[in-house]
Each structure stands twice: as C-alpha cells, then as structure tokens.
Amino acid sequence: MKKPKKVFVEGPISPDFISRSIAQHSTKTGIGAHQIFLGQVRADILDGHQVKAIEYSAYETMAENIFHDIREATFAQFDLSCMHIYHSLGEVKAGEICLFVFVSSKHREACYKAIHELVEAIKAKVPIFGKEIFEDGAHIWKVNT
Amino acid sequence: MKKPKKVFVEGPISPDFISRSIAQHSTKTGIGAHQIFLGQVRADILDGHQVKAIEYSAYETMAENIFHDIREATFAQFDLSCMHIYHSLGEVKAGEICLFVFVSSKHREACYKAIHELVEAIKAKVPIFGKEIFEDGAHIWKVNT
Amino acid sequence: MKVTVLLFAQLAELFPSSTLEIEVTSLQEIIENLESKNPDFIGQQYSVAINEEIVQNEIALKDGDIVALLPPFAGG
Amino acid sequence: MKVTVLLFAQLAELFPSSTLEIEVTSLQEIIENLESKNPDFIGQQYSVAINEEIVQNEIALKDGDIVALLPPFAGG
C-alpha cells in the first residue's frame, strides 16, 4: 500500500512544481508513458460578470480521505507505476492551475483510462467548493458539470 | 488554419521545456483543461540486454507533413483551444522524454479523447524509427505495439 | 443528544458561524433548526456526511456525531 | 526512368548508402534490385511511400519519383 500523501496545496500550482514532479520520474526507467491532467481557472463571463479568480475551500479531512480512497481504487484497477494528485486551496486566479493529476505506467493504455477516471472521480466525489470571484468583487458558487 | 509548427527537437525533451510550454497558456483564460502525454524511454530488458537509450530517426519531411495532417484532423474533430506536439530525434536515454503531446480546451471531455487519438495516430502513422541501444553497444530496432 | 454541525461554502454564508453545536434527535431536526434560523436555507442543495461518510437516507444520530452539510462539489 | 530510393533504419543498414538513384520501370523492379544487391533484404517488413504518400498497391512510377521504404514505425 502506498502511504497517504497530502493533496492540498495553498494557492495555485506552478508550472515549475509540475516540471520538478516530471523530473523526479527520470530514475524510474520502467515507466514508458505519463499522462497529466491540469485544471486551469477560466475567466468565464457569468451574468455579465467576469471571473477573476476562484477561492477554493474543502472539508479537508474528509476530502483527504476520499482522495486516498480514489487513489487506492485506481491503483487496484490499473497497472500504474505512479500516481500524484494535487489540488489548490485558497485563491487561484484565472489562467492559473488548480488541479494537477499525474499518472505513469509501463504502457500507455493504463494511463489514458486511469487519468480519465481519476479526474471524474475527483470532480464528483471530493468535498471541494469553489467561490467564483468577479472583477467587481461579487461572487457565486461554482457547480461542477 | 493554424500555421505549420516544427515537431522535431534534437535530443530529449526536458521537464523545463514542458514547464515553459504550460506557463505560456496562463494568458489563455478561456482554457479550463489541459491534457499532456509524455513518452519516456524505458530501460527494457530484451534478450538479456538492457536498453540504455533509443536513437530516433525519421523521414523528416514526410513526418512533418503527417504531423500537420494529424493536427488538422484533430482540430476539426474536437473543440480544442491549443495543440502542441514535440518528438525527439537523435539519442534519448532511458528515463528521458521523447514525446510531448499537449492539448487544451474549455471543457475537459474534448481533451481526454483528443490526446488519446493524437498519441495513437502519432504512433501508427508517422515515419519515425527507433534504434534501441543496449548497454553493451548492440542494438535492435523498436516496433510499436 | 449533542451533535456538531459543519456548514460549508454557500451554506456557511447563511449563518453567523460555520460550526454549530446543537441538541437534536435526528437529521430532520437539524434541518428544521437551520430553516428556522434562516429561511434562506430552505431549498438549498446539499449532501449530508456523518462522521465524514456520505449518507443517502435518514440514519440514527449518536451523541458526538459530526454532521456536515455539503453543497455541490466544485473541485478541479 | 530514374527514381530516387530512400531507405530508413534497419533497411538502410543493409546497403552502403541510404539513398539510391536507380533506373527502373516499376516498384517490383526496385525490390528485386535491392534483393539482388543484398539477400538480407528478402523478407524485411516495410511500407512504401511515393513522393511522401503511403501507397498500398503497385502504382505506376514516374521519372523523378521519390520512393521511400519505411520499416515499422516506432515513434513515441
């Protein structure tokens, strides 16, 4: 069993962080394929207001447990070498990255399916909330589709 | 129509290069999802020899045309904001990255399917050849499965 | 019995505090309590987690339970 | 007519040069020419591109055509 890993990070996920995470896999020479999903905050126009940021909050202890369950279920289902999940808390501006999901495997087929199921499970099952903050300071609460 | 872009790069694709490519999308605030596929050279054991590197070569002019066709067909089929494909030529050591495919879209569904089809099309249709070089200097020619 | 009620996101905005300690006997009673405190709570969408497990049906509460009301998830 | 034959990867290893200018009238003749130069060419797997387009069947060659013999692809 993999040890529990912390998913939540404060603020946006930087391209540098992603780069370092990729680089750490160069010693794992059994890996042939990596698949990365990144969620980026959109500057959507909603009711005439433009989103400038999303402020993420979560039921953190429950969310970390569910991330752990999702991780274990995915390792059980697919032949993966590695899996990493990071999600932002706090403010993430439009254009910045709020979700980083990274799977690696010997052959590419496992990666395609695993990343898809992981991202869908994260969106559906993890108690994370997003306050979409408009340029004018008003806000609404995001709902996943 | 997007302008033709050069796919081939000399040697491995560095995590830094990937990071810079991700960072360049932060101004595209209509993007909500990125999907990245990375091919990494495996240190496979074949007939008792361990692969230390793959030396890639290609029928370059034809390959660039086919990359262009694959790109256009994928843009026509999926609602994507951006698409980038890079493939190594020359030597790429075990653990290093030889293929970087990057698609971005407003919503995530287009990304999942687009990356899958792109990677499969690249592997099946582009005249790229890989010489798997063993620790002892011998080599065999890679065949995609 | 006494339970802790946790409110998140838009539900937390409806009340002075996002954590309530209340004396109740059922989940239904928690909801009525919140509706009486702020009628805007009526009609809100949420799922319910008891001790961090999502529950689909009314289940018996125990003293010390942590009841979380969770608006629609928006991760990613 | 004169055509240019391009050989890649393991096929290029079988001959002194990866580019040949030869006088032929058909694709079949190119293959026979290569088989006679090096019998190891017999039984090799490859697809054929004429002027950078993969061809599935024997097609008529024109003077100046570029005929590429492509071993199994291994990108990615």
Side-chain angles (χ1 to χ4, degrees), chain B residues 7-9 13 37-42 44 46 51 53-70 85-89 92 96-101 115-133 138-145, chain D residues 1-22 24 26-27 30-31 33-35 37-76:
Chain B
V7 167
F8 287 116
V9 296
I13 295 159
F37 179 90
L38 303 174
Q40 181 168 304
V41 172
R42 288 196 312 266
D44 281 350
L46 302 168
V51 172
I54 296 180
E55 192 181 299
Y56 285 103
S57 57
Y59 185 5
E60 282 191 58
T61 53
M62 179 176 166
E64 290 280 7
N65 285 338
I66 292 179
F67 275 122
H68 179 77
D69 294 347
I70 290 172
I85 304 171
Y86 298 98
H87 197 293
S88 297
L89 287 181
V92 182
E96 292 182 328
I97 291 162
C98 58
L99 172 63
F100 171 28
V101 184
I115 199 98
H116 190 150
E117 296 210 8
L118 271 173
V119 174
E120 294 306 305
I122 291 165
K123 298 224 175 211
K125 294 182 181 171
V126 186
I128 297 172
F129 313 103
K131 189 171 162 177
E132 295 188 296
I133 301 166
H139 73 266
I140 61 163
W141 290 90
K142 181 170 172 261
V143 176
N144 274 352
T145 49
Chain D
M1 74 200 83
K2 188 180 256 178
V3 301
T4 302
V5 177
L6 304 179
L7 300 169
F8 290 89
Q10 53 268 57
L11 300 182
E13 291 182 323
L14 299 174
F15 301 93
S17 168
S18 62
T19 307
L20 293 81
E21 304 277 340
I22 48 180
V24 288
S26 70
L27 189 53
I30 295 174
I31 290 161
N33 181 305
L34 294 170
E35 287 177 350
K37 280 187 172 125
N38 185 346
D40 287 348
F41 183 77
I42 297 165
Q44 292 285 337
Q45 281 208 322
Y46 52 85
S47 51
V48 177
I50 299 183
N51 302 324
E52 304 193 356
E53 295 284 340
I54 297 280
V55 295
Q56 301 293 349
N57 304 305
E58 175 78 43
I59 69 161
L61 294 178
K62 302 184 308 296
D63 195 58
D65 273 352
I66 295 170
V67 179
L69 303 189
L70 306 168
F73 301 166

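Chain identifiers are assigned alphabetically (A, B, ...) following the order of the sequence lines, protein sequences preceding nucleic acid strands; residue numbering begins at 1 within each chain. Remember, it's a predicted structure, so these values are computed and weren't measured experimentally.
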To the nearest 0.5 Å, atom CG of L11(D) lies from atom CG of L70(D) at 8.5 Å
Under a 4.5 Å cutoff for heavy-atom pairs, which residue among P127(B), A63(B), G130(B) has the most contacts with chain D?
P127(B)
Taken to the nearest 0.5 Å, the spacing of M1(D) CE from K62(D) NZ works out to 9.5 Å
Can you list every salt bridge (Lys or Arg N to Asp or Glu O under 4.0 Å) pair that touches residues 66-76 of chain D, not counting sequence neighbours?
none
Top contributor to chain B interface from A68(D), G76(D), P72(D), A49(D) [non-hydrogen pairs under 4.5 Å]:
G76(D)
Which region of L99(B), side chain (C-beta onward) or backbone (N, CA, C, O), has a non-hydrogen atom less than 4.5 Å from a non-hydrogen atom of chain D, or is it both or neither?
side chain
Just how far is it from atom CD1 of I122(B) to atom CD1 of I128(B), taken to the nearest 0.5 Å?
7.5 Å
Using side-chain contact (heavy atoms from CB on, under 4.5 Å) as the criterion, list what pairs up with N57(D), not counting sequence neighbours.
none
Do chain D and chain B have donor-acceptor pairs under 3.5 Å, and which are they?
residue	atom	partner	partner atom	Å
E13(D)	OE1	W141(B)	NE1	2.9
E13(D)	OE2	H139(B)	NE2	2.7
E52(D)	OE1	N65(B)	ND2	3.0
E52(D)	OE2	T61(B)	OG1	2.4
F73(D)	O	N144(B)	N	3.4
A74(D)	N	I128(B)	O	2.7
A74(D)	O	K142(B)	NZ	3.0
G75(D)	O	N144(B)	ND2	2.9
G76(D)	N	H87(B)	NE2	2.8
G76(D)	O	Y56(B)	OH	3.2
G76(D)	O	K142(B)	NZ	3.2

One should read off an interatomic distance between F73(D) CZ and I66(B) CD1, to the nearest 0.5 angstrom, of 6.0 Å
Return the set of residues passing side-chain contact (heavy atoms from CB on, under 4.5 Å) with A124(B) (not counting sequence neighbours), or none when no residue passes.
none
